[in-house]
Asker: 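Take a look at this one; I'll ask things after.
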Amino acid sequence: MDKFEKMLVDLDYLTEKGSKIEPEYYQDIIESYQVSASGEQGAYYAMVSKKEISSLEEAFPLLFIHSLYESEEWSMDNSMWKEGFNSQEWKELLKKNWFPEYLNIKNGAVAYKYISEEVFYNWFPVAEKIASLAIRSNIVKIIRYGDIDSYFDYKYIVETAADYVLFHYWTTG
């Protein structure tokens, strides 16, 4: 088991990594974009270059925290734990609220599986609109995480030759 896989099965390890992310220091190196279609489908990505971050273990919590701030519409100029929470309270909120909700944690771990490009590219039409923006170089590995059996919500971390990409698409119908 590599360090990235350890992070997915050890909630304390993931919490420790995620709680140290301060978005105001990273917002200039992360690119993100969201698109929706008729309110029924949507796709989102957040990406960081391998020139900036050297491993999937570093990229995943960074991209997750960035996407959490964007989805909750929090200011990227301040870390949550600096705005009314001390660092221990922020860790507890991540561990007991945000990680379980967004990562579909069960039994203390994030479900995940490695998938092929063929499976990855079996998308809803809205996901195709954003894929060309997010996936810019050859894919090295693709990991689906969260509710890996859902037919309505798809979350991936993708390592390409040049970038790490958090990719998410969903449908309500």
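Heads up: numbering here begins at 1 and tracks the sequence. Quantities reported herein were computed from a predicted structural model and do not represent experimental measurements.
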Asker: Can you list the residues that meet the ring pair (Phe, Tyr, Trp, His ring centres under 6.0 Å) rule with Y164, with sequence neighbours excluded?
Answerer: none
Asker: Working note: L11 + V110, criterion side chain to side chain contact (heavy atoms under 4.5 Å, CB included); need CA distance, chi angles, decisive distance, verdict.
Answerer: CA-CA 8 Å; L11 184 55; V110 178; over 6 Å; no
Asker: For the residue pair I65 and P23, what are the closest heavy atoms and their distance?
Answerer: CG2-CG, 4.0 Å
Asker: Atom CD in E52, atom CG in D28: separation rounded to 0.5 Å?
Answerer: 10.0 Å
Asker: With sequence neighbours excluded, tell me which residues meet ring pair (Phe, Tyr, Trp, His ring centres under 6.0 Å) with Y121.
Answerer: W123
Asker: Could you state the interatomic distance from CD1 (I21) to NZ (K17), rounded to the nearest 0.5 Å?
Answerer: 8.5 Å
Asker: Could you grab the distance from atom CE of M47 to atom OG of S32, nearest 0.5 Å is fine?
Answerer: 9.5 Å
Asker: List the atom of T15, the atom of F99, and the distance in Å for their closest heavy-atom pair.
Answerer: CA-CE1, 3.6 Å
Asker: For S55, enumerate each residue passing the side chain to side chain contact (heavy atoms under 4.5 Å, CB included) test, keeping only those at least two apart in sequence or located in another chain.
Answerer: E57, E58
Asker: Hey, could you give me the CG/CG distance between L103 and L8, rounded to the nearest 0.5 Å?
Answerer: 8.0 Å
Asker: Between Y145 and Y156, is a ring-ring contact (aromatic ring centres under 6.0 Å, His included) present by the stated rule, with each step listed?
Answerer: CA-CA 6 Å; Y145 66 90; Y156 303 95; 7.9 Å; no
Asker: Would you call Y169 and Q41 a side-chain contact if the rule is heavy atoms closer than 4.5 Å?
Answerer: no
Asker: Of all residues at least two apart in sequence or in a different chain, which pass the side chain to side chain donor-acceptor pair (under 3.5 Å) check with E5?
Answerer: Y114
Asker: Measuring only between side-chain heavy atoms, which start at C-beta, is Y154 closer than 4.5 Å to R144?
Answerer: yes
Asker: Answer with yes or no whether the side chains of Y151 and T171 bring together a donor and an acceptor at under 3.5 Å.
Answerer: no
Asker: Mind jotting down which residue pairs meet the salt bridge (Lys or Arg N to Asp or Glu O under 4.0 Å) criterion with at least one end in residues 109-122? Sequence neighbours excluded, please.
Answerer: none
Asker: So do the side chains of I157 and Y112 get within less than 4.5 Å of each other, counting heavy atoms only?
Answerer: no
Asker: Do I115 and I148 have side-chain heavy atoms sitting under 4.5 Å apart?
Answerer: no
Asker: Among all residues two or more places apart in sequence or in another chain, which pass the side chain to side chain donor-acceptor pair (under 3.5 Å) test with E16?
Answerer: K20, K91
Asker: Should I135 and V140 be regarded as members of a common hydrophobic cluster, given that ILVMFWY residues are connected when their side-chain heavy atoms come within less than 4.5 Å of each other, either directly or indirectly?
Answerer: no
Asker: With a 4.5 Å cut-off on side-chain heavy atoms, are D163 and V48 touching?
Answerer: no
Asker: Looking at N138, I want to see if its CG is surrounded by more than 12 non-hydrogen atoms of other residues, nucleotides or ligands under 6.0 Å.
Answerer: no
Asker: Any donor-acceptor pair under 3.5 Å linking the side chain of K3 with the backbone of L56?
Answerer: no
Asker: Quick one: salt bridge (charged side-chain N to carboxylate O under 4.0 Å, His left out) partners of K96, sequence neighbours excluded?
Answerer: E92
Asker: Mind checking side chain to side chain contact (heavy atoms under 4.5 Å, CB included) for A134 and listing every partner two or more places apart, or none if nothing turns up?
Answerer: Y45, V165, F167
Asker: S49: which residues meet the side chain to side chain donor-acceptor pair (under 3.5 Å) condition with it, sequence neighbours left out?
Answerer: none
Asker: Give a yes or no answer on whether the side chain of S137 reaches the backbone of A162 with a donor-acceptor pair at less than 3.5 Å.
Answerer: yes
Asker: When rounded to the nearest 0.5 angstrom, what distance separates CD in E89 from OG in S19?
Answerer: 13.0 Å
Asker: Does any non-hydrogen side-chain atom of F60 lie less than 4.5 Å from one of L166?
Answerer: yes
Asker: How would you list, by chain and number, every residue that makes a side chain to side chain donor-acceptor pair (under 3.5 Å) with D12, sequence neighbours excluded?
Answerer: K95
Asker: Can you list the residues that meet the ring pair (Phe, Tyr, Trp, His ring centres under 6.0 Å) rule with Y44, with sequence neighbours excluded?
Answerer: none
Asker: Is the number of heavy atoms from other residues, nucleotides or ligands under 6.0 Å of Y13 OH greater than 12?
Answerer: yes
Asker: I want to check something: taking the side chain as every heavy atom from C-beta on, are E159 and K50 in contact at a cut-off of under 4.5 Å?
Answerer: yes
Asker: For D147, check salt bridge (charged side-chain N to carboxylate O under 4.0 Å, His left out) against everything at least two apart and list the hits.
Answerer: none
Asker: Is any side-chain heavy atom of Y102 closer than 4.5 Å to a side-chain heavy atom of F64?
Answerer: yes
Asker: Is there a side chain to side chain contact (heavy atoms under 4.5 Å, CB included) between W98 and L93 once you walk through the steps?
Answerer: CA-CA 6 Å; W98 299 114; L93 283 169; 4.2 Å; yes
Asker: Measure the NZ-CG distance between K155 and N104 for me, rounded to the nearest 0.5 Å.
Answerer: 7.0 Å
